[in-house]
Amino acid sequence: MLDAARLAVVADARSGIIEREEDLTGVVLAAMEGAPADRVRVVMDALVRHLHAFAREVKLTEEEYDLAIAFLNRVGQATNDSHNEGILLADILGFSTLVCLLNNGNAGATETASALLGPFWRMHSPKTENGGSIVRCATPGDPLFVTCRVLDPTGAPIPGVEMDVWHASPVGYYENQDPEQVDMNLRGKFFTDAEGYFSFRSVKPAGYPVPTDGPVGDILRAQKRHPFRPAHIHFLGFRDGFKTLVTQVFVDDDERLDSDVVFGVTRHLIGEYRRHDAGTSPAPDVTGPWYTLDYTFVMEPGIAKLPFPPIK
Ligand code: BEZ
Ligand code: FE
């Protein structure tokens with residue numbers, strides 16, 4: 001709201017006495033006028049105005065209010081060290097992707113877009129040499145060989161980028177969800193070489209449903225939405241002097257590319273996972289069909305900062 005318009009609403013409300021429903025928003029805004037930090041005040045001011053406008057628009061009933069509060073409490077109760085229901089809620093509402101696109105790549109216009117972090121990034125992935133495998137226990141699936149390069153916006157390679165990689169198995173589970181996988185399976189940390197390259201071996205991931213046994217699952221069922229994410233690999237690139245890159249590269253033959261339950265798929269992030277026929281791999285243990293992915297990331301100059309880990 002423009003400052004003048006806001007002042008007019010608030011001026012009437014300074015007495016703090018509420019005569020009618022319409023008075024309330026101004027009274028609340030007036031109560032928050034003393035907020036010391038500009039940003040706190042801007043954000044809280046807008047939150048109150050939009051929240052009040054939302055309740056007025058839908059004519060929220062008292063039963064719906066009770067339901068909403070109970071729902072938020074359940075989101076908190078469902079969150080623990082290995083599961084983050086709060087992030088999941090933001091994700092299925094498109095809120096995580098909106099914040100991501102607002103804050104990265106000239107609002108999605110530059111060569112590499114970022115994508116939402118999701119709830120499954122863990123710190124301290126095992127350091128793995130370039131070309132090494134992140135398959136740390138028997139994980140049946142099509143072998144996948146990934147070669148990536150990290151460039152700056154001028155096209156120059158960025159050496160020494162610490163790149164975390166994590167993805168779901170070919171049956172659609174992250175290792176922390178699956179007793180069949182060892183700790184840190186399909187996770188690894190790589191460092192780009194002098195030419196900006198890093199590479200690794202894995203297995204082609206599958207799409208998977210987001211967890212639906214909590215309150216977020218209730219919303220998806222109420223909205224008759226499927227809970228699936230298209231198959232993808234997550235990447236988190238970190239190096240001093242560059243804005244931390246959080247992204248995902250999607251598998252191009254996934255049938256749900258256009259209906260990701262968390263709205264993460266942008267055009268830039270669809271990778272070309274090339275299929276090769278059985279008997280053509282240089283790796284002696286690869287006898288069936290196999291895949292390669294080549295992908296180039298662009299990191300923008302900025303502040304290197306790790307996100308808050310959603311799980312431990
Ligand atoms: C993920 O890609 O790991 C993810 C993102 C949002 C919700 C659930 C999972
Ligand atoms: Fe994922």
Side-chain angles (χ1 to χ4, degrees), residues 21 24-25 28 31-32 40 43-103 115-123 166-169 171-181 183 187 206-232 234 236 246 248 256 259-265 306-312:
E21 174 266 305
L24 179 66
T25 304
V28 177
M32 304 190 315
V40 171
V43 171
M44 289 306 297
D45 203 281
L47 177 68
V48 164
R49 285 187 285 104
H50 288 275
L51 197 60
H52 286 208
F54 157 74
R56 289 188 174 106
E57 180 181 324
V58 302
K59 299 194 172 31
L60 201 71
T61 67
E62 287 164 317
E63 289 74 22
E64 288 162 346
Y65 169 90
D66 288 344
L67 210 71
I69 298 292
F71 176 85
L72 287 179
N73 290 340
R74 284 177 63 211
V75 169
Q77 286 151 4
T79 297
N80 55 46
D81 278 357
S82 60
H83 177 79
N84 197 316
E85 191 81 1
I87 292 192
L88 195 55
L89 175 61
D91 292 344
I92 65 117
L93 296 176
F95 192 61
S96 308
T97 292
L98 175 62
V99 172
C100 171
L101 296 181
L102 282 171
N103 285 280
L116 72 174
L117 178 69
F120 294 131
W121 175 60
R122 289 176 67 183
M123 289 185 88
W166 69 106
H167 68 83
S169 73
V171 291
Y173 289 117
Y174 286 84
E175 49 79 31
N176 54 297
Q177 301 175 295
D178 183 4
E180 302 289 312
Q181 296 181 56
D183 192 39
R187 296 179 186 266
Y208 57 86
V210 300
T212 54
D213 52 353
V216 167
D218 292 343
I219 296 197
L220 293 176
R221 280 181 289 276
Q223 296 181 325
K224 308 265 184 268
R225 288 168 62 184
H226 77 66
F228 285 90
R229 296 220 64 206
H232 56 274
H234 293 263
L236 187 152
V246 177
Q248 310 176 20
R256 294 197 182 86
S259 66
D260 181 1
V261 66
V262 301
F263 311 100
V265 184
L306 282 179
F308 187 77
I311 58 171
K312 295 209 174 110

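These numbers were taken from a predicted model, which means no experiment stands behind them. These values consider heavy atoms only, across backbone and side chains, with no hydrogens, waters or symmetry-generated copies.
Side-chain contact between E180 and Y173 is absent, with no heavy atoms from C-beta onward closer than 4.5 Å. The closest side-chain heavy-atom distance from V246 to C100 is not below 4.5 Å.
Across G172 and A206, no two heavy atoms sit closer than the pair N-CB, 4.1 Å. Minimum interatomic distance between V28 and H52 (heavy atoms only, all atoms of both residues): CG2-CE1, 3.9 Å. Between H83 and L88, the shortest heavy-atom distance links the atoms CE1-CD2, 4.2 Å. Between R187 and N176 the shortest heavy-atom distance is NH2-OD1, 3.0 Å. Heavy atoms only, all atoms of each residue included: P230 and V265 are closest at CG-CG2, 3.8 Å. Taking every heavy atom of both residues into account, L306 and M123 meet most closely at CD1-CE, 3.6 Å.
Between K59 and E64 there is no salt bridge, since no side-chain nitrogen of the basic residue lies less than 4.0 Å from a carboxylate oxygen of the acidic one. In summary, D91 and R229 do not engage in a salt bridge, as defined by a charged side-chain N under 4.0 Å from a carboxylate O.
Expressed to the nearest 0.5 Å, how far CG of L67 lies from CG of L60 amounts to 9.5 Å. With rounding to the nearest 0.5 angstrom, the OG1 atom of T212 is 7.5 Å from the CG atom of L220.
Within a 6.0 Å radius of CD in E21, more than 12 heavy atoms belonging to other residues, nucleotides or ligands are found. Atom CD of Q223 has more than 12 neighbouring heavy atoms from other residues, nucleotides or ligands inside a 6.0 Å radius. By the 6.0 Å contact criterion, CZ on F71 is enclosed, its count of non-hydrogen atoms from other residues, nucleotides or ligands being greater than 12.
Taking the six-membered ring for Trp and thresholds of 30 and 60 degrees, H232 and H234 have ring planes more than 60 degrees apart, a perpendicular arrangement. The aromatic rings of W121 and W166 are tilted relative to each other, their planes meeting at an angle between 30° and 60°.
Donor-acceptor pairing under 3.5 Å is recorded for the side chains of R56 and T25.
Of the possible donor and acceptor atoms, none in the side chain of H167 sits under 3.5 Å from a partner among the backbone N and O of Y174. At least one donor-acceptor pair under 3.5 Å links the side chain of T97 to the backbone N or O of F263. Remark: the backbone N or O of V216 is not paired with any side-chain donor or acceptor of R74 at under 3.5 angstrom. Side chain of Q248 to backbone of L116: a donor-acceptor contact under 3.5 angstrom is found. The closest donor-acceptor contact from the side chain of R256 to the backbone of H226 lies at 3.5 Å or more, if one exists at all. Q181 places no side-chain N or O within 3.5 Å of a backbone atom of D178 that could act as its donor or acceptor partner. Counting only distance, with no hydrogens or angles, the side chain of T79 and the backbone of E85 share a donor-acceptor pair below 3.5 Å.
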Next on the checklist: Walk me through whether F120 and Q177 qualify under side chain to side chain contact (heavy atoms under 4.5 Å, CB included).
Outcome noted: CA-CA 10 Å; F120 294 131; Q177 301 175 295; 3.4 Å; yes
